[in-house]
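Encoded as structure tokens, the structure appears first; notes follow it.
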Number of protein chains: 2
Amino acid sequence: MKIGAVARETGLTAKAIRYYESQGLVKSRRRDNGYRDYGRDNIKQLTLLARARRVGFSLQECAELLALFDDTERHSADVKKAVQQKIAQLDEQLDNLTRMRDTLEELAQRCQGDEQAQCAILNDLSAANRPMPFTLLGDTPNLPEDSHE
Amino acid sequence: MKIGAVARETGLTAKAIRYYESQGLVKSRRRDNGYRDYGRDNIKQLTLLARARRVGFSLQECAELLALFDDTERHSADVKKAVQQKIAQLDEQLDNLTRMRDTLEELAQRCQGDEQAQCAILNDLSAANRPMPFTLLGDTPNLPEDSHE
DNA sequence: ATAAACCTTACCCCAGGGTTAAGGTCAACG
DNA sequence: CGTTGACCTTAACCCTGGGGTAAGGTTTAT
């Protein structure tokens, strides 16, 4: 099976599949003409990879899942643990996003939203000392680091 | 005020401030020795920038907020509209993450989590046809594109 | 024979910086 | 006077997770 067919079957792009290979997540044999060639095992791996990505696993984490997948001595408890950790991470992200959302909601409510230049949102966001009359993300100092996960 | 002091005051890193300047979001005057020098206006802008970032605005969107901030002819309605659009974006992200979370929850429940190699999670994630007995993200084909927003 | 549809590698691009490296400046201390 | 340490400067490479494009080789069908 050539890469294009695999892409259609897994929902990945050919580019992504090559990228995963370059990162050591999957391997492929080559035909005489240099084309990558995939068998049933590869397709199972790539299907797992695609779905794990879709539910929020990072490539690093997908690599660990694939290692478990290929390990016939694995314990299902290990897989379950990884999934539960990912659930906990998602919960944390959900918390952060919810706090952002609520902060914006409160800002919006304090703004007239009319023709005037006076704007409570800009005032609150740029004020020097304690800007918000309500908690801004619980004073967590480093939110940006969460967003790239 | 030198960049280090501004960094401490706004919670940004000096690097980030220089990066914002390189992207045209803020400007700074220079002292004779080449050091960046910031006044009250700069600090207000950077405070706004830092807080807008923390509540989920992209750099591009922050640029628009700063333009409104500097525009004395602005209408507060425009600012409010931007905030409400961001709220809608956050709601969409929250939806996606919630679906991921629920999918993982169902996968985990179907897994024994014991010493055995047999694992429902890996089976479901790698199976060929209809893998999940439940909806996987509502069959949305392209979730990864949302994550980089 | 030639065009369409594949495939290959290789390069630059995005956000949002972190992390060196290599060096200039400035204050205080001995 | 010299030196140490804390600043500051630019430049340049690293990360994630690929997208996009280019330049070229292959295969297939017409």
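Quick note on labels: first sequence line is chain A, next is B, and so on, each numbered from 1. Everything numeric in this text was worked out from a predicted model, so none of it was measured. We use all heavy atoms of the structure for the numbers below, so side chains are in, but hydrogens, waters and symmetry mates are not.
With D/dG19, C/dG17, D/dT9 as the candidates, the nucleotide lying closest to the side chain of A/T13 is D/dG19.
Whole-Å rounding puts the B/Y38 OH to D/dC8 P distance at 10 Å. The separation between A/R53 atom CZ and D/dT16 atom P is 11 Å, rounded to whole Å. The interatomic distance linking B/L12 (CG) with C/dA15 (P) rounds to 17 Å, in whole Å. B/R31 has its CZ atom 9 Å from the P atom of D/dC8, to the nearest Å.
For the 3.5 Å distance criterion, the side chains of A/E21 and A/S28 qualify, holding a donor opposite an acceptor. Residues B/Q89 and B/Q85 have side chains that never bring a donor and an acceptor to within less than 3.5 angstrom of each other.
Contact record, A/R54 with A/T10: NH2-O, 3.4 Å, taken as the closest heavy-atom pair.
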Return the polar atom pairs (N/O with N/O) between nucleotides 24-27 of chain D and the protein under 3.5 Å, or none.
residue, atom, partner, partner atom, Å
D/dG25, N2, A/Y35, OH, 2.6
D/dT26, O4', A/Y35, OH, 3.3
D/dT27, OP1, A/N33, ND2, 3.4

Polar atom pairs (N or O), protein with nucleotides 13-15 of chain D, under 3.5 Å:
none

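Applying the side-chain contact (heavy atoms from CB on, under 4.5 Å) test between A/L49 and each of A/R51, A/Q45, A/R53 identifies A/R53 as the sole match.
Between the CD atom in A/E64 and the CG atom in A/D78 there is a gap of 11.0 Å [rounded to 0.5 Å]. Annotation: the span from A/L125 atom CG to A/T103 atom OG1 amounts to 9.5 Å, rounded to 0.5 Å. The CD atom of A/E106 lies 10.0 Å from the CG atom of A/D124; values are rounded to the nearest 0.5 Å.
More than 12 heavy atoms of other residues, nucleotides or ligands shown are found within 6.0 angstrom of CZ on A/R31. For B/D41, the CG atom is loosely surrounded, since the number of other residues' heavy atoms within 6.0 Å does not exceed 12. Taking a 6.0 Å sphere around CD of B/Q112, one finds it holds 12 or fewer heavy atoms contributed by other residues, nucleotides or ligands.
The side chain of B/R36 places an N or O atom within less than 4.0 Å of a non-bridging phosphate oxygen (OP1 or OP2) of D/dT9.
Within residues 17-30 of chain A, the residues approaching DNA chain C are A/R18, A/R30, by heavy-atom distance under 4.0 Å.
In terms of modelled atom types and a separation under 3.5 Å, the side chain of B/K44 and the main chain of A/S126 share no donor-acceptor contact.
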